[in-house]
Every structure is written in C-alpha cells, then in structure tokens.
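Accompanying notes for the structure given below.
Positions are given from 1, in the same order as the sequence printed here. No experiment lies behind these values; they were computed from the predicted model shown.
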Amino acid sequence: MRATQQLIVAVTTVVTVAGPCALASGTGGGMGGGIGGAVVAAASAPDCTRHLATPHEANSARPGDVVCFDGDISGDRLVITKGGTPREPVTYSGRGAAVHGITIEADNVVVEGYRTDRPEAPGIELTGDHITVRNNTVTGPRGGDGDGIRFFGNDLKIVSNTVSRTDNRNGHADCMQTFASDSPPSRHVLIEGNRCRRVDNMCLMAEGPNDEDGDGKGSTSDITVRNNYCETLTASQALMFEDVRNATIEGNTFAAPTHHAIGLAHGSTGAHVGGNELDPGIGYEVGIDASSMAGYEGPEPGGEP
C-alpha cells in the first residue's frame with residue numbers, strides 16, 4: 001500500500017543532475033577506502049534552463065531543457081511518464097532534492113541528483129529505452145521485495161548512485177535487480193561507479209526471460225558491471241546472472257566475505273570477468289554451471305554458481 005501520492009511527470013527529453021549535490025561513488029579502487037571504497041567525483045551539473053513549481057508542470061519542457069523543481073516535493077513519489085528524443089533528451093535535475101522514491105516509465109530520460117530516504121521499494125524503478133539514472137541516493141527502501149533499484153529496457157545507464165541499507169525483512173532485498181516476467185528484458189545496460197553499502201541481499205540479481213520465472217520473450221544481454229563497490233551482508237554471492245548473455249564484470253570491489261563473488265547460471269554464456277578486487281574471506285570469484293561455459297573468459301571457476 002502506498003502511503004504517499006504519486007507525482008506524474010511528463011518529460012520530453014533527458015534530465016541532468018544538479019551540481020553540488022552530486023554524490024561520489026565506489027569504484028573498486030581499494031579495500032582500504034572504508035565502507036565507501038575509492039570514490040569517483042561526479043560531473044558538475046548544467047544550469048537549470050526551466051524552473052517549475054512542481055512536476056505536474058513538466059509537460060511544458062522542451063528538448064534540451066534542464067528542468068528543476070522549485071517547490072517542496074519531498075513527500076511524494078516522483079513519476080516520469082513522458083520522455084524526449086535520443087538526440088535531445090530533457091535533463092531532470094534534482095539538485096539534491098528529496099523525493100519519496102522515483103518511477104520512470106518513459107524513453108530518452110535522464111534523472112539525476114535526487115535523494116530518497118525510506119521510500120516504498122524499489123527506491124528507483126526505470127522502464128524504457130535510453131534512460132540514464134545517475135548521482136542519486138536510495139536509503140532504506142521499505143516494503144515490496146525491498147530492492148534499491150529495478151531496471152527494464154534497452155540502452156540503460158545506471159551510474160554513480162548510492163544504495164544502502166536494503167533489508168531482507170521485506171523479501172530478497174537487492175541493491176539492483178532486473179527480470180523478464182511480464183516486463184521488458186534488459187539489453188545494453190551499463191552499471192558503473194555505483195556504491196551498494198550494507199545491502200542484505202545481492203548487489204545485482206539479473207534474470208532473463210528463459211529463467212525459471214521468465215516469460216520466454218526476447219533476451220537479456222550485454223550488461224556491463226564495472227567499477228562498482230559491493231557490500232552484501234547475507235547472500236551467498238554478490239552478483240547473480242541467470243539467462244543473461246554477454247555480461248562484462250570488471251574492476252569491481254567485492255567488500256564482504258560471501259561464499260563466492262559472481263554466479264553464472266541458466267545459459268549465461270559469453271561472460272567476461274576480470275580485474276575485480278575480492279575481500280579475503282570470499283571463497284572463490286566465479287561460480288558457473290555447464291550451460292554457461294560457452295564463451296566464458298575470466299578466472300578459473302571455483303565451483304557452482
């Protein structure tokens with residue numbers, strides 16, 4: 001049950017984040033950097049070109065606009081329902097503003113620089129094509145399955161976000177998740193420079209349409225997971241891929257002593273793994289089943305996924 005009203009947002013192109021509120025993210029550059037690991041400085045945001053009181057006015061946005069909301073929207077879930085064009089996205093700039101979760105159901109949208117504390121899970125959900133979500137924070141998502149970010153679609157970029165304190169009392173509370181059961185499969189996804197801190201379940205659970213619960217439509221493929229910081233508290237592995245082809249997993253920091261770091265199963269062929277940093281307590285880096293061995297490149301698998 002949703003306790004807060006939703007704000008339906010019409011955006012005509014990509015929305016960019018605002019400057020000083022942009023958050024640094026883990027890159028896997030060293031275990032000695034504390035819970036956050038090494039950090040990457042976020043790019044400065046462009047100036048707002050269109051000031052609106054609330055997201056209800058976002059229909060007036062034009063391609064190339066950087067939209068900023070001047071009113072207090074902290075009690076509402078931000079819902080974006082209209083996107084722009086691949087060449088001229090609308091930049092949706094939070095500039096550090098608080099919202100009660102974010103839902104994106106549009107193409108050609110960028111959402112940057114929002115904070116959401118104890119939102120209804122998932123804290124951020126994106127469905128569509130050519131979407132960028134970056135420099136946002138999700139803390140303590142509640143209800144549902146407890147996930148921080150869920151994503152569905154093609155050409156997605158999830159960059160430099162921080163998700164913390166997901167709670168398995170809500171379900172299987174992952175930092176990030178995608179699946180393909182009555183939802184679009186995900187293809188050409190970049191997950192880079194994010195920080196998953198103190199997440200109860202996995203940092204990423206990715207399931208394709210031919211997984212046990214999938215709808216059998218399309219394929220999930222070409223997911224790149226690079227330079228992220230992952231601290232999972234209770235799961236057996238940090239990343240799990242089931243029926244996901246051509247995954248690239250490189251330069252990540254796995255900062256908790258899971259049984260193994262990465263699982264590849266149910267035909268997750270063509271995976272490339274390398275350059276990751278592992279907590280000394282991790283049993284082995286890659287677990288893989290026979291159906292996923294074709295095209296695999298990386299360290300010697302240590303066991304089952």
Side-chain angles (χ1 to χ4, degrees), residues 4 6-7 9 11 14-27 36 39-46 48 55 58 66-69 73-80 83 89-106 108-128 130-142 144 146-153 156-166 173-178 189-199 203-204 225 227-230:
T4 56
Q6 289 190 337
L7 297 178
V9 181
V11 183
V14 177
V15 185
T16 341
V17 83
C21 65
L23 296 164
S25 298
T27 66
V39 295
V40 163
S44 59
C48 304
V66 177
V67 178
C68 300
F69 299 111
I73 57 176
S74 60
D76 301 297
R77 189 172 183 96
L78 187 62
V79 180
I80 300 170
V90 170
T91 296
Y92 213 165
S93 181
R95 307 187 74 87
V99 293
H100 202 70
I102 300 170
T103 298
I104 304 167
E105 297 175 343
N108 308 307
V109 172
V110 174
V111 178
E112 271 190 334
Y114 285 93
R115 297 179 294 113
T116 181
D117 187 22
R118 295 171 62 87
E120 181 179 347
I124 301 175
E125 184 167 27
L126 48 150
T127 305
H130 315 299
I131 299 172
T132 297
V133 171
R134 63 190 176 204
N135 298 329
N136 303 285
T137 63
V138 178
T139 305
R142 304 290 168 175
D147 294 333
I149 299 174
R150 282 186 178 178
F151 59 93
F152 311 95
L156 308 177
K157 295 178 176 63
I158 302 170
V159 180
S160 298
N161 303 282
T162 297
V163 175
S164 61
R165 303 206 304 270
T166 68
D174 301 310
C175 180
M176 289 175 267
Q177 185 182 36
T178 189
V189 179
L190 174 65
I191 299 172
E192 183 171 28
N194 300 283
R195 183 161 50 186
C196 298
R197 300 176 54 206
R198 300 190 64 79
V199 296
C203 291
L204 173 63
V225 183
N227 294 342
N228 301 282
Y229 177 89
C230 172

How far does [atom1] of [X] sit from [atom2] of [Y], to the nearest 0.5 angstrom?
{"X": "Thr178", "Y": "Arg150", "atom1": "OG1", "atom2": "CZ", "value": "9.5 Å"}
{"X": "Ile149", "Y": "Leu126", "atom1": "CD1", "atom2": "CG", "value": "7.5 Å"}
{"X": "Arg195", "Y": "Ser160", "atom1": "CZ", "atom2": "OG", "value": "9.5 Å"}
{"X": "Phe152", "Y": "Gln177", "atom1": "CZ", "atom2": "CD", "value": "7.0 Å"}
{"X": "Asn161", "Y": "Asn135", "atom1": "CG", "atom2": "CG", "value": "7.0 Å"}
{"X": "Leu156", "Y": "Ile191", "atom1": "CG", "atom2": "CD1", "value": "9.0 Å"}

Side-chain heavy atoms of [X] within contact of [Y], under 4.5 Å:
{"X": "Val138", "Y": "Pro119", "value": "yes"}
{"X": "Ile124", "Y": "Tyr114", "value": "no"}
{"X": "Asp147", "Y": "Pro141", "value": "no"}

If you take all heavy atoms of [X] and [Y], which pair is closest and at what distance?
{"X": "Ser93", "Y": "Val66", "result": "CB-CG1, 4.0 Å"}
{"X": "Gly96", "Y": "Arg115", "result": "O-NE, 2.7 Å"}
{"X": "Val163", "Y": "Val199", "result": "O-CG1, 4.1 Å"}
{"X": "His100", "Y": "Glu120", "result": "NE2-N, 4.2 Å"}
{"X": "Pro55", "Y": "Ile73", "result": "CD-CG2, 3.7 Å"}
{"X": "Asn194", "Y": "Met176", "result": "CB-CE, 4.2 Å"}

Exercise. Who are the side-chain contact (heavy atoms from CB on, under 4.5 Å) partners of Arg165, not counting sequence neighbours?
Worked result: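 Arg165 satisfies side-chain contact (heavy atoms from CB on, under 4.5 Å) with Thr139 once adjacent residues are dropped.
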Exercise. Taking Cys68 and Cys48, which are both Cys, do their SG atoms fall under 2.5 Å of each other?
Worked result: yes
Problem set entry | Cys175 and Cys203: CA distance, side-chain angles, deciding distance, disulfide bond (SG atoms under 2.5 Å apart) verdict | CA-CA 5 Å; Cys175 180; Cys203 291; 5.6 Å; no
Problem set entry | Sidechain-backbone polar pair: Arg77 side chain, Ile102 backbone, donor-acceptor under 3.5 Å | yes
Problem set entry | Test item: Asn136 side-chain N/O and Val111 main-chain N/O as donor-acceptor pair under 3.5 Å | yes
Exercise. CZ of Arg118: more than 12 outside heavy atoms within 6.0 angstrom?
Worked result: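 It does not: Arg118 CZ has 12 such atoms or fewer within range.
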